[in-house]
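Here is the naming used below: chain letters follow the sequence lines, and residue numbers restart at 1 for every chain.
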Number of protein chains: 2
Amino acid sequence: MPSDTAKQADISRCEQCAIRHRAVCGALDPEELVKLNRIAHTRTIKAGSVIISDESAPSFFANVMSGVIKLTKTLADGRQQIVGLLFPPDFLGRAYSGSNPYFAEAATDVELCCFSHDSFQRLLKEHPGLEHRLFERTLDELDSAREWMVLLGRKSAEEKVASFLLLLAHRHAMRGCPHSTTPGAPCFELPLKRADIADYLGLTIETVSRQITRLKKADVIRLHENRIITVPHLEALAKIAGQELPPIH
Amino acid sequence: MPSDTAKQADISRCEQCAIRHRAVCGALDPEELVKLNRIAHTRTIKAGSVIISDESAPSFFANVMSGVIKLTKTLADGRQQIVGLLFPPDFLGRAYSGSNPYFAEAATDVELCCFSHDSFQRLLKEHPGLEHRLFERTLDELDSAREWMVLLGRKSAEEKVASFLLLLAHRHAMRGCPHSTTPGAPCFELPLKRADIADYLGLTIETVSRQITRLKKADVIRLHENRIITVPHLEALAKIAGQELPPIH
DNA sequence: CGACATGTTGAACCTCATCAACCGACGTGG
DNA sequence: CCACGTCGGTTGATGAGGTTCAACATGTCG
């Protein structure tokens, strides 16, 4: 295989990538991108399967291309809490740590763009820009985690469910071009089943179900086939969630 | 003042620092330390006063030398949640962000070792080792935040209070030499009042008070003058907290 | 068809929040 | 000096919000 052609293919694969500009690789210039591409491979994962498990050194890092990943922690007696959700173009994997202190599990079918642990570490060492970008992402994750702590510690069941739906609406609005404003009533799919929503909000399945029916009856949301949600008035939902509308930037 | 002597003083000030090896500055070599020292100044803060406020660009970063800082978020109607506690030798300030999304408030009297925003950013740019160290700290903070999410979402009031006391015991054991093992019954001061503990655990003052009396009556803890706590059997406390003993490393 | 997974709804119960009274320590001003 | 208010903490009575347990509905897959 002529190396020139291969190189072209390498570049174009990344440049055609849907999440190219918003993922961590956005920090890289074309030459670096070639290197990254050499060590990258895509992987698809079925809903429900474990991607990274507790206490064992993860063998790879990855960009989330599509689908949703849940990060979970479980107490000895089985109580579970989702401590983070990853949507495209989020990054999966804790740089520099021997082991992740949580499980990563596919909430839906997931496509990943994976990098082996060693080669990614090498890339990280060579390109401070990449580390910097990863650092900023981590700071954002920390902010989200703290925002969620307020929800878990202080919000009522109704506020929790409304906040969750608002989060989904927000992430859905950001899925495409980051500058697209979203006029009209947002409409998106529920990527999590009731049990997962409950584990994310610190509630039970039943309470989540009841609160969703309440919001439905109040016409704050509309539900189709139990998966598709439309929100006629985002402000109404935000008001119930007990928070201002998050800025779409 | 002869510059040689000044330089000596600069070095020795940092080298005598109690938190020197465990703080972020541990990443710096002697020469870098001199630079850092030039831009550093200590500051003491009274319990209860606000250090960094929401939405305004913080003008400095700092190492916590002594005391405890609480990071708080407040909902529109006044409900409050503590989203993080900083003990020595933790680092205060979000690198690279325009504004902190929370308040930082002195829970006790606090001593800080402050760096002005601009000069610290400059130092950060020049010394990748420092950024790297800061990154690792941030990852640890993220882990703690997620651990706390489990507590907030899934633990009972009794487990929450026990977990909090366990956290204090742990941080207290780490205060001195990082390799010191702690034989015997741990004994430490409660740095937070009931209201703060409640805001940290997502409970009310009354519930916190009741749970502490319960633990006292069960002789899991002993309380002197309402501030000093001794734990006769750490394992008993850990068992109630619903978690294994955190490793002292 | 039956087995299973997912979700909804109802009734009973329980944990924790709420409201209120009270206590001791402390500081301040008459 | 004491009366007074304030602050931090404790304790009790009551009730609401969520959990728990159970039954049922719906859809899917063998």
Side-chain angles (χ1 to χ4, degrees), chain A residues 46-49 70 75 77-81 105-109 151-165 189-218 221 223-229 240 242, chain B residues 46-49 70 75 77-81 107-108 151-165 189-218 221-229 240 242:
Chain A
K46 281 254 168 291
S49 47
K70 49 179 179 167
L75 293 173
D77 59 4
R79 280 174 291 175
Q80 196 169 71
Q81 176 69 42
E105 206 178 322
T108 64
D109 288 350
L151 175 142
L152 292 172
R154 290 305 185 196
K155 289 193 177 179
S156 70
E158 186 178 33
E159 289 171 317
K160 284 179 175 181
V161 171
S163 299
F164 172 68
L165 295 176
E189 192 176 357
L190 264 185
L192 268 55
K193 42 188 169 191
R194 298 291 182 274
D196 287 335
I197 300 176
D199 283 347
Y200 195 33
L201 300 176
L203 297 171
T204 58
I205 306 180
E206 295 91 331
T207 304
V208 171
S209 178
R210 280 186 247 271
Q211 293 301 336
I212 289 182
T213 8
R214 278 191 57 167
L215 292 175
K216 212 166 46 183
K217 280 178 184 162
I221 61 171
L223 197 53
H224 309 288
E225 334 223 325
N226 247 337
R227 297 248 97 180
I228 311 296
I229 293 213
I240 294 175
Chain B
K46 280 253 167 293
S49 48
K70 50 179 180 168
L75 292 173
D77 60 2
R79 281 174 291 176
Q80 196 169 73
Q81 176 69 43
T108 66
L151 176 143
L152 292 171
R154 291 304 184 198
K155 288 193 178 177
S156 71
E158 185 177 34
E159 289 170 318
K160 283 179 176 183
V161 172
S163 299
F164 172 68
L165 295 175
E189 192 176 357
L190 264 185
L192 269 53
K193 42 189 169 190
R194 299 291 182 275
D196 287 336
I197 301 177
D199 283 347
Y200 195 33
L201 299 177
L203 298 171
T204 59
I205 305 180
E206 295 92 330
T207 304
V208 171
S209 177
R210 279 186 246 270
Q211 294 302 334
I212 288 182
T213 13
R214 278 192 56 168
L215 291 175
K216 214 167 42 183
K217 281 178 183 163
I221 61 171
R222 282 166 205 163
L223 197 53
H224 310 289
E225 333 225 324
N226 247 337
R227 298 247 96 180
I228 311 294
I229 293 212
I240 294 174

* To do: Establish whether the base of C/dC19 is bridged to the side chain of B/Glu206 by a donor-acceptor pair shorter than 3.5 Å.
  =>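 Indeed there is one.
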* To do: Kindly say whether, by distance alone, the side chain of A/Arg210 makes a donor-acceptor pair under 3.5 Å with the base of C/dG7?
  => no
OP1, OP2 of [N] versus side-chain N and O of [X]: anything below 4.0 Å?
X        : N      : result
B/Ser156 : C/dT15 : no
B/Asn226 : C/dA25 : no
B/Arg194 : D/dG9  : yes
A/Thr207 : D/dT19 : yes

Tell me: [atom1] of [X] to [atom2] of [N], nearest whole Å?
X        : N      : atom1 : atom2 : answer
B/Lys160 : C/dC16 : NZ    : P     : 8 Å
A/Arg214 : C/dG7  : CZ    : C1'   : 19 Å
B/Ile205 : C/dC22 : CD1   : P     : 19 Å
B/Lys217 : D/dT10 : NZ    : C1'   : 10 Å
B/Glu225 : D/dG8  : CD    : P     : 18 Å
B/Gln211 : C/dC16 : CD    : C1'   : 9 Å
A/Leu203 : C/dT8  : CG    : P     : 14 Å
A/Glu159 : C/dA17 : CD    : C1'   : 15 Å

* 5′-ward residue of the pair A/Lys216/A/Arg154 relative to DNA chain C -> A/Lys216
* Let me know which of B/Ile229, B/Ile221, B/Leu223 forms a side chain to side chain contact (heavy atoms under 4.5 Å, CB included) with B/Leu215. => B/Ile221
* Structure fact -> Considering only heavy side-chain atoms of A/Lys193, the closest of D/dT11, C/dT6, C/dC16 is C/dT6
* Asked: Out of C/dA17, D/dG9, D/dT20, which nucleotide sits closest to the side chain of A/Thr204?
  -> D/dT20
* **NZ/NE/NH1/NH2 to OD/OE distance under 4.0 Å, B/Glu159 and A/Arg79** =>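 Looking at A/Arg79 together with B/Glu159, the answer is yes, because their closest N to O distance falls below 4.0 Å.
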* Salt bridge between A/Asp199 and B/Arg154, side-chain N to carboxylate O under 4.0 Å? -> yes
* **side chain to side chain contact (heavy atoms under 4.5 Å, CB included) between B/Leu151 and B/Phe164, intermediate numbers included** => CA-CA 10 Å; B/Leu151 176 143; B/Phe164 172 68; 6.0 Å; no
* Asked: Does B/Lys70 reach the side chain of B/Leu192, with side-chain heavy atoms less than 4.5 Å apart?
  -> no
* To do: Looking at every strand, decide which applies to A/Gly48 at a 4.0 Å heavy-atom threshold: base, sugar-phosphate, or nothing.
  =>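 The residue A/Gly48 makes no contact with any strand.
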